[in-house]
Amino acid sequence: MFILTTDLLRGLNEQQRAAVTLPAQHALILAGAGSGKTRVLTTRIAWLIASSQLSPQGLLAVTFTNKAAREMLTRLSAMVTVNTKAMWVGTFHGLCNRMLRAHYRDAALPASFQILDTQDQLAAIKRMLKAMQVDEDKIPPRNLMHFINGCKEDGQRAAAVEAFDDYNRRFVELYAAYEAQCQREGVVDFAELLLRSFELLQRNQLLREHYQLRFRHILVDEFQDTNGLQYRWLKMLAGAGNVLFAVGDDDQSIYGFRGADVGNMMAFEREFRVENLIKLEQNYRSAGHILDCANALIANNHARLGKDLWTEAGEGEAVRVQELVSDAGEAQWLVEQIKAIVRDGDRRSDVAVLYRSNAQSRLIEHALFSANIPYRVYGGLRFFERAEVKHALAYLRLIEQDDDDGAFLRVVNFPTRGIGARSLEQLQDLASRQSISLMGALARASASDLSNAALTRLRQFQQLIHSLRQSTAMLPLAEAVALVIEQSGLSQHYSHEKEGQERLENLQELVNAAASFVMEQGFQPDTPISLVATDGSDLNPVLSTFMPDMQTIMAGSNEAALTEAMSPLAAFLSHASLEAGEHQALAGDDAVQMMTVHAAKGLEFQHVFITGLEEGLFPHENALSEAQGLEEERRLMYVAITRARERLYLSFAQTRMLHGQTRYHLRSRFIEELPEQHLKWLSPRTQQRWAQPGSASFGFQHGMSASMAPLGNDQASLLAPGRKSEADAMGQGSKAGLRIGQSVRHDRFGDGVVVSLEGRGDDARAQINFGRQGLKWLALSVAKLQLI
DNA sequence: TCGGTTCAGAGTATT
DNA sequence: TCTGAACCGA
């Protein structure tokens, strides 16, 4: 055992080793990009187990993505031989699901509660608004969803939310109605998984103590991404006696917009009186110039715990910077650079093209496609999000739980069975009058409620679900899925559809996914889908007499039985909701990798292109008006820079087509923040003078005389056809020497670019993008502009 | 029920 | 400019 543990430490640097071997005390590991974070996390677990400080069932390790959880388990099992089944390693949502399945009754949920993904949740909200006859224009479903999830992430039930005006009161009312609907249908959304689990522990002392006694060591990955509720959940489980080991990087916090709160890192340090703060600053990924750029950039942020990356690898190549005339030019330039990289012997898959927003990918794709360069775009629909897959899953959900109105409505008339909106409305009326589900209402419906024809068809659907349930009950999962696809009519439907071939293939893929799921979960391959291994014998007799409602401390004392306590079908449905699957992408053999900067987090590439480095785009203009928005954008840039191992390219364009308009942007301030000595300008570096911050107020400046440069003689030719007033303004503008795209200097706002012109005579105005100072309309008759 | 037209909106994303 | 959703007529 001793040899084993020292083996584990081999190759770790001093800080990594210190982190791995910390005594059983709370710790915060500040792990910089490329500093071996995952290695430390997994080695820490292996170390604790190998040195007998921790038994596998005492471990709780939490991540944000299934991918990270899988990676942790894979690497862990390569280090030590352990029973991974006994450990709780997974995502917050996955673990909460696990807990709620085990204690569904205590959590006031049906045994077969279903999980709503974001799509499902939005559909449920729309359905509710419709049923309540709420105008979607007054209450946009997305806003309501955002509101509800926000409340849940704050740990607040509708009853607890304070509303100070009528508008908010309405939201709270609808939140309450949504809660009721979910409860009635036996479904929970993602935020609900967290909140239910949290409330369960909070309310139920026995359960809380049980889990607190169990999880001696709690490890959290990407701690900077936790939201308020996740942090409280962790605190709850940590109790007074357990050890919380948090790994994160405040400089890589880029998910504030979805509720992540970097402040949790500081709160953790304070509230847990963390004495072990270890910084992992040695970087094993990027060359020196790249790291120095990253360090210099992020030093512009104020709210930081502080950290500087360094490397032994040497300075490497300078960071290349390229200015281009247009977005199309940028795409073309990319193509040429990538060709050169490939010519020099590197693989296309060693190249990543990063951008701030998805919309930017189209032009780049176009250019790569035209140049016959294979590429792969991350993003887009994922496997379990596809319509045909969701349809098949809806049938499976109805087999498992027929109160699920969302699933019911999704497939009651798909494939079409002549059940129209009218019949469904009547059925919904019936259901809401009695506060029961649609399937329940259907069971009670009589000829007085619906037309005979409609009732017959609905009954046939009911019968279909019933017979599917019967005929699949004893089948293994994959066969059951195949049967459902066949007998529901989905298969036939798509085989007649023009472009149904791909959908059929996806449905076949679903059958395969079911088969491999059964294998991975360790079910016997032929376990019938409905077989639940729960038997009362595991129940702790003391507890069950002591507290009859507390059914499943048993699951706690025999955790290995937990997944087995669910039927293969129930487990598969959870899996399908909790893991949307891989992003669809043509699995190009050797393809250039294209993705947003967000999607690139955690990845690394030999060559990285960061494109569209323009004010308004990156940093994104929307972010500038948000609290802390700029700092988050800067962290995003930091993440982007630190993806590169060897060579980093930065590019920006003078003009870009955005929302159907040609826009003129100044180059990103983030380029200005990089030290000159680490850069290599491929295009000449142009002067860019920034206005001093703090003079942003704008009004028409009366009494100021316009001092314009003399009129250029090529202006007329630049007049573009456009709206009449625009053309007039262009005429007026040309007299002043202005044209769209013209660079100008303003005393107060600094340097800018003319974006548009309008009005005539004394009313002629120019819209100018002053970058940091924003977009301004200036009256040409008063504004003091200088051409540059 | 399908197919076309119209209209608004256009940021990043995991579970 | 482009897309997706909503809507309307056959």
Side-chain angles (χ1 to χ4, degrees), chain A residues 62-69 90-98 115-123 126 130 136-137 140-142 146 149 152-153 188-195 197 221-222 225-227 229-230 253-260 327-328 354-363 366 378-382 384-385 413-422 493 497-498 574-583 595-602 612 616-626 629 632-633 635-637 639-640 656-663:
Chain A
V62 200
T63 62
F64 276 86
T65 64
N66 292 298
K67 193 177 159 204
T91 62
F92 279 101
H93 295 86
L95 297 174
C96 287
N97 179 48
R98 192 168 175 176
I115 301 166
L116 302 185
D117 67 16
T118 312
Q119 275 180 39
D120 300 334
Q121 188 188 15
L122 188 63
K126 284 184 178 170
K130 203 167 174 193
E136 288 197 6
D137 292 330
R142 283 180 181 282
H146 190 251
N149 291 340
K152 290 187 178 183
E153 281 163 21
V188 298
D189 58 51
F190 286 136
E192 184 72 25
L193 283 172
L194 255 304
L195 183 53
S197 167
D221 189 17
E222 306 277 18
D225 289 340
T226 50
N227 66 33
L229 186 55
Q230 286 160 341
S253 161
I254 56 173
Y255 286 112
F257 69 91
R258 70 174 198 212
D327 46 359
L354 309 185
Y355 34 81
R356 175 63 180 79
S357 65
N358 285 306
Q360 288 166 253
S361 77
R362 201 179 306 141
L363 204 54
H366 180 77
Y378 286 76
L381 267 195
R382 297 156 71 178
F384 286 109
E385 290 166 356
N413 198 34
F414 193 96
T416 49
R417 304 188 171 88
I419 299 170
R422 177 99 187 93
H493 173 87
E497 207 180 54
K498 272 171 279 173
S574 285
H575 169 80
S577 306
L578 289 172
E579 170 145 33
E582 290 285 295
H583 273 293
M595 65 196 83
T596 62
V597 180
H598 281 93
K601 188 172 167 224
L617 209 70
F618 198 179
H620 196 280
E621 53 195 357
N622 295 356
L624 299 179
S625 55
E626 287 163 12
E632 181 146 321
E633 293 289 300
R635 291 193 290 266
L636 195 53
M637 180 65 180
V639 167
R656 185 174 294 274
M657 192 62 117
L658 218 59
H659 308 331
Q661 278 186 315
T662 303
R663 300 240 316 220

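Here is the naming used below: chain letters follow the sequence lines, and residue numbers restart at 1 for every chain. FYI, side chains are in, hydrogens and waters are out, and symmetry mates aren't considered; it's all heavy atoms of this structure.
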*Can you say whether the rings of Tyr255(A) and His598(A) are parallel (under 30°), tilted (30 to 60°) or perpendicular (over 60°)?*
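Correct class here is tilted.
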*Measure from the side-chain N and O atoms of Ser577(A) to the backbone N and O of Ile115(A), and report whether any donor-acceptor pair falls under 3.5 Å.*
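Looks like yes, one N/O pair under 3.5 Å.
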*With no hydrogens and no angle check, is any side-chain donor or acceptor of Glu632(A) less than 3.5 Å from a backbone partner on Gly629(A)?*
no
*Pick base, sugar-phosphate or nothing for Asn413(A), based on heavy-atom distances below 4.0 Å to the nucleic acid.*
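Touches sugar-phosphate only.
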*Please check the phosphate of dT15(B) (OP1 and OP2 only) for any side-chain N or O of Arg258(A) closer than 4.0 Å.*
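Checking Arg258(A) against dT15(B): no side-chain N or O falls below 4.0 Å of OP1 or OP2.
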Separation between the [atom1] atoms of [N] and [M], rounded to whole Å:
| N | M | atom1 | result |
| --- | --- | --- | --- |
| dG11(B) | dA6(C) | C1' | 23 Å |
| dA13(B) | dC2(C) | C1' | 22 Å |
| dA5(C) | dT12(B) | P | 15 Å |

*asked:* With a 3.5 Å cut-off and heavy atoms only, can you find an N or O donor on one side and an acceptor on the other between the side chain of Glu632(A) and the base of dG11(B)?
replied: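 Between dG11(B) and Glu632(A), which were checked side chain against base, a qualifying N/O pair under 3.5 Å is absent.
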*Donor-acceptor pair under 3.5 Å: do we get one between Thr118(A)'s side chain and the base of dT15(B)?*
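Looking at the base of dT15(B), it does pair with a donor or acceptor on the side chain of Thr118(A) (distance under 3.5 Å).
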*For Met657(A) and Asp327(A), run side chain to side chain contact (heavy atoms under 4.5 Å, CB included): C-alpha distance rounded to whole Å, both residues' side-chain angles, the deciding distance at 0.1 Å, then the answer.*
CA-CA 7 Å; Met657(A) 192 62 117; Asp327(A) 46 359; 3.6 Å; yes
*For Phe257(A) and dT12(B), say yes or no: do the ring centres fall under 5.5 Å of each other while the ring planes differ by less than 30°?*
yes
